[in-house]
Amino acid sequence: MNTKKLLLSLLTVTLLLVLASCTHAKTINQQDSIKKAGKLVVAVSPDYAPFEFKALINGKDTIVGADVQLAQAIADELGVKLELSPMSFDNVLSSLQTGKADMAISGLSYTKERAKVYDFSTPYYETENAILMKAADAKSAKDITSLNGKKVATQKGSIEEGLVKAQLPKANLISLTAMGEAINELKSGQVYAVDLEAPVAAGFLAQNKDLALAPFHLKTGEGDAKAVALPKGSGALTKTVNKVISRLVKEGKYKEFIKEAASLTGNAVD
C-alpha cells in the first residue's frame, strides 16, 4: 500500500511539473511569437474619444487616441510594428479567445467575471463617470431621480452598462453597440440621457453645443479602472505590458496622451 501511495505521489508530482513546464513554454512562446511575427495586433473599438476614435489626419482616416498611443508604446517595447484591429466593442474581448488579437486596449475595465476568462494588466487610468443630456434637460434635472422612468443609453458590454443597472433600477436602460449611436439617439430625443466616461463626454461636448453634463453622475468603484486585456496565461507578455504602464503612469504620460487626443476630437469622423 505504501509503495502504491509513493508511486501515486511521484506520478502526481511529475504531472504537475509537466503542466507547469507546458504553461511556462506557452507563456514564453506567446511573447516570442509576437516578436517573431514582427507585429502586435491590438483589438480596439474606435468610437470612444479620447481613448480610441477615428480622425482625419493629413486628409487620411486614421485611428487615434490615448489607448492607441499606449498600444504603440507597448509595441515599441517589444520591438515590433503595431497593427490595430478595429471592431465593435462587444467583440473586443472575444477576439482574444479566437486569436484575432494579441491584446485588447479599448477603454476596458477589470472585473472579477472578466478575470475568470482573461488576464489583465495593472490599471493605467482611473474611471470617471459622467451623464450627458440635452442642454435644456440638464438645466432642469436636479438629481439622479430625474432619470427615473427615462431612457438612459450606454455602450453595450461597458462598465457603465453595469453602473446603470445597479444604480438606476427605475430607469429604462438602452444598450447600444457604439457610443456615437448613443449620442445620436440623445440628440434626436430617442433617449433622455447617456451614461459614459468623463473624458469621453468631454469629447462629445466639444462637438455638440446642444448637449451638456448633468449636475450629477454615477458612483464608480475602486476597481473601476482602465486596463489592458490579454489571453489567459499571458504571464511574460503581461509583465512587459505592466512595465510599460508603470513607466507611463509614473511619468504622467498617459494623461498627456488624453490631452493630445482631446485636441484631435474636432477632426473626428464617424
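Values in this document were obtained by computation on a predicted structure and should not be read as measured data.
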Gap separating the CD1 atom of I258 from the NZ atom of K253, nearest 0.5 angstrom
14.0 Å

Show me the pairs that pass ring pair (Phe, Tyr, Trp, His ring centres under 6.0 Å) and involve residues 123-157, at least two apart or across chains.
F51-Y125, Y124-Y254, Y125-Y254

Taking a hydrophobic cluster as the set of Ile, Leu, Val, Met, Phe, Trp and Tyr residues connected by side-chain heavy atoms closer than 4.5 Å, whether directly or through intermediates, do V200 and V152 fall within one such cluster?
no

Can you tell me if T220 and N129 form a side-chain donor-acceptor pair at under 3.5 Å?
no

Atom CD of Q155 and atom OG of S88: how far apart are they, to the nearest 0.5 Å?
9.0 Å

Between E185 and K151, is there a side-chain N and carboxylate O pair less than 4.0 Å apart?
no

Taking D210 first and then K187, would you say they form a salt bridge - that is, a charged N and a carboxylate O separated by under 4.0 Å?
yes

Distance (rounded to the nearest 0.5 Å) between K232 NZ and L96 CG:
12.0 Å

Quick one: does R114's side chain have a donor or acceptor within less than 3.5 Å of a partner on S109's backbone?
yes

I'd like to know if the side chain of S45 pairs up with that of E52 as donor and acceptor (distance under 3.5 Å, no hydrogens or angles considered).
no

Report the distance from atom CG of L70 to atom CZ of F257, rounding to the nearest 0.5 Å.
7.0 Å

Are F216 and Y192 connected in a single hydrophobic cluster, I mean Ile/Leu/Val/Met/Phe/Trp/Tyr linked by side-chain heavy atoms less than 4.5 Å apart?
yes

Can any side-chain N or O of D102 pair as donor or acceptor with the backbone N or O of L40 at less than 3.5 Å?
no

Can Q69 and E256 be said to form a side chain to side chain contact (heavy atoms under 4.5 Å, CB included), step by step?
CA-CA 10 Å; Q69 288 181 275; E256 288 182 20; over 6 Å; no

What is the distance from atom CD of Q190 to atom CD1 of I174, rounded to the nearest 0.5 Å?
9.5 Å

Would you give the length of the straight line joining atom CG of L176 to atom CG of D90, rounded to the nearest 0.5 angstrom?
11.0 Å

Keeping to residues at least two apart or across chains, list the ring pair (Phe, Tyr, Trp, His ring centres under 6.0 Å) pairs with something in residues 155-184.
none

Candidate pair V80 and I34, rule side chain to side chain contact (heavy atoms under 4.5 Å, CB included), full reasoning:
CA-CA 8 Å; V80 297; I34 292 173; 4.3 Å; yes

Donor-acceptor contact present, side-chain S234 to main-chain L230, <3.5 Å:
no

Are K243 and E77 close enough for a salt bridge, meaning some N to O gap below 4.0 Å?
yes

